[in-house]
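In what follows, a structure is listed as structure tokens, so that the remarks can point back to it.
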Amino acid sequence: MRTQVGIVGAGPAGLFLAHMLRRDGIDCVILESRSREYIEKRVRAGVLEQATVKLMHELGAGERLTREGMPDPRIDIRFSGGHIIVDLNELTPGKIVTVYGQQEVVKDLIAAWIARGGTIEFEAEALGFDGLNSERPSIRYRQNGREDTIECDFIAGCDGFHGVSRRAVPENILTHYDRIFPFGWLGIVAEARPLHEMTYANHEHGFALASRRGPHIARNYVQCAPDEDLARWPDARIWEELHLRLKDQGKSELGEGRILQKAVTPVRAYVTSPMQYGRLYLAGDAAHIVPPTGAKGLNLAAADVWVLARAFSEFFRTGLHMRLDRYSEVCLKRVWKAVRYSSYLTSLLHRFEQHTPFERKLQLTELEYLLGSKAARTTIAENYVGLPFQDD
Ligand code: FAD
Ligand code: DHB
């Protein structure tokens, strides 16, 4: 097989990239190690920034998103001192976020890709690359027990944090920046009435978040140990902690119901620099992960490949590689802003066991300040709705 851009991974990064390249007349092939069914069911993030929603529409994949996406014009942050309402619409004139599950984005992009005759190989696992420093790099992969090769002009490593792409870059080229927070998130999906708006909480017992996936489907999280044993969290304890931390004492706001899914997510920031080596370009979680607080992971993946698609388009149109050369530098500026913001929100909203009384006071004072200052809430809002996708 031969293609212009070989894309490893059919997560948001790989799928958005494929659609943008196709729109610009560039041929590409997607290799995905898992089955279609598996990736369409994998529950992960769920908050789309305005620019990500716009991209779905520009790519002709936004029809179901318009019908089923849930616009969120405000977020609510609860703590012992009160409720901080961050009115996104008012503070960032006209901007909001939309709640729509990542697996729905993936489903819509795959359906549109296949409908347009795009090539995607499922259960095709990239094993490694050859010739990354040549003009004809190739991908070795295994499918149905057979090994094969795709020759490309470029390779896009969109294979997530545990993929092969980042590891294919020689160690002496990369600098790794890493911060592991001393807690995790226990996330559930439940057939239950959600809170009516996105609600975060800082409580003595720890962080909590009430989100949703539909009018009758709740997506809730509670702070837990990083290596939490799920056996310690029977359903009743999860609901108790959610009511308590979200200050729903009367149990009247948050509905309870059957828990369909329960899993622990680590809270970690990681960035690799640079995000490119020879003709291999890393995008999304393959290059960086952010703590989930603030829901930036999926949107960052979309922002990276937005820059990458424009760089590939320039190259194939004109032969110029200025944008390709600057890819890492341009992406990393936005990536670090998202790391900063997600780390800030994480530090603001979680309980840190090692905090001294002084540090806890500072945390609560920061929340008090947000409660009283429109300027402080504006910086939360501006980042929550997402910084612009830009490539200069
Ligand atoms: P991915 O979505 O990881 O896609 C990579 C794809 O590559 C996968 O489909 C994988 O199967 C495939 N792949 C891997 N290796 C190979 C290979 N060798 N060959 C071929 N294919 C390969 N973010 C939030 O903002 N909020 C959240 O609540 C949240 N929850 C999360 C929960 C979990 C368990 C995880 C892992 C992540 C979560 N994230 C969350 C982060 C967010 O989902 C990611 O930032 C987003 O998925 C990044 O998209 P991506 O396309 O870069 O990577
Ligand atoms: C969701 C996830 C997040 O990380 C977040 O900050 C808000 C909402 C969600 O899964 O809906």
Side-chain angles (χ1 to χ4, degrees), residues 6-18 30-36 38-40 42-49 52 70 72 75 77 97-103 105-106 109-110 120-129 139-143 156-168 184-189 194-195 197-200 207-214 217-221 261 263-268 270 282-305 335 338 341-342 345-346 349 384:
I7 300 177
V8 185
L15 290 164
F16 275 126
L17 178 64
I30 311 174
L31 296 180
E32 166 56 51
S33 57
R34 302 288 194 157
S35 68
R36 179 173 180 180
Y38 180 89
I39 62 171
E40 290 188 346
R42 190 166 46 190
V43 179
R44 284 184 172 177
V47 180
L48 307 188
E49 295 173 0
T52 309
M70 292 159 286
D72 247 343
I75 58 174
I77 300 174
V97 295
T98 302
V99 180
Y100 191 64
Q102 177 168 329
Q103 77 271 32
V105 171
V106 165
L109 291 174
I110 291 176
I120 179 164
E121 301 290 336
F122 292 103
E123 297 176 74
E125 185 189 6
L127 303 172
F129 310 117
I139 310 174
R140 274 176 283 112
Y141 70 101
R142 188 192 301 119
Q143 193 178 30
C158 302
D159 49 351
F161 188 62
H162 301 287
V164 292
S165 299
R166 189 178 62 255
R167 279 178 274 139
W185 278 19
L186 194 173
I188 61 162
V189 179
L195 284 192
E197 61 193 2
M198 183 76 72
T199 304
Y200 293 84
F207 168 85
L209 165 60
S211 180
R212 61 204 190 283
R213 287 293 179 272
I217 303 283
R219 174 77 165 134
N220 301 329
Y221 302 88
Q261 214 242 16
V264 175
T265 306
V267 178
R268 178 176 188 177
Y270 168 84
L282 305 175
D285 277 18
H288 42 73
I289 47 178
V290 289
T293 333
K296 292 288 161 227
L298 183 166
N299 298 290
L300 264 191
D304 284 354
V305 293
V335 165
Y341 179 64
S342 308
L345 276 190
T346 302
L349 296 174
Y384 201 81

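Count residues from 1 along the sequence. Only this structure's heavy atoms are used, side chains among them; waters, hydrogens and symmetry mates stay out. Just follow the structure's listing: the first ligand is 1, and inside any ligand the first atom is 1.
- When the salt bridge (Lys or Arg N to Asp or Glu O under 4.0 Å) test is applied to Arg268, the partners found at least two apart in sequence or on another chain are Asp178.
- Of the N and O atoms on the side chains of His288 and Asp304, at least one donor lies less than 3.5 Å from an acceptor on the other residue.
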Requested in this report: Please test Val164 against Phe129 for side-chain contact (heavy atoms from CB on, under 4.5 Å), starting from the C-alpha separation and ending with a verdict.
Outcome: CA-CA 9 Å; Val164 292; Phe129 310 117; 4.2 Å; yes
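- Trp185 and Tyr221 have tilted rings, their planes meeting at an angle from 30° to 60° on a 0 to 90° scale.
- A donor-acceptor pair under 3.5 Å is formed between the side chain of Asn299 and the backbone N or O of Val47.
- Under 4.0 Å from any atom of ligand 1, one finds heavy atoms of residues Val8, Gly9, Ala10, Gly11, Pro12, Ala13, Leu31, Glu32, Ser33, Arg34, Ile39, Arg42, Arg44, Ala45, Gln102, Ala124, Glu125, Ala126, Cys158, Asp159, Gly160, Gly163, Val164, Tyr221, Thr265, Gly284, Asp285, Ala295, Lys296, Gly297, Leu298, Ala301.
- Partners of Ser211 by side chain to side chain donor-acceptor pair (under 3.5 Å), not counting sequence neighbours: none found.
- Of all heavy-atom pairs between Val106 and Ala10, the closest is CG1-O, 4.2 Å.
- A salt bridge does not link Arg167 with Asp159: none of the charged nitrogens is closer than 4.0 Å to a carboxylate oxygen.
- The pair Glu125-Arg34 does not count as a salt bridge, with every side-chain nitrogen at least 4.0 angstrom from each carboxylate oxygen.
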Dump all N/O pairs between ligand 2 and the protein below 3.5 Å as a table: atom names plus distance, one pair per row.
from, atom 1, to, atom 2, distance (Å)
ligand 2, 4 (O), Pro292, O, 2.6
ligand 2, 6 (O), Tyr200, OH, 2.6
ligand 2, 6 (O), Pro292, O, 3.4
ligand 2, 6 (O), Gly294, N, 3.1
ligand 2, 6 (O), Ala295, N, 3.3
ligand 2, 10 (O), Arg213, NH2, 2.7
ligand 2, 10 (O), Tyr221, OH, 2.6
ligand 2, 11 (O), Ser211, OG, 2.6
ligand 2, 11 (O), Arg213, NH1, 2.8
ligand 2, 11 (O), Arg213, NH2, 3.4

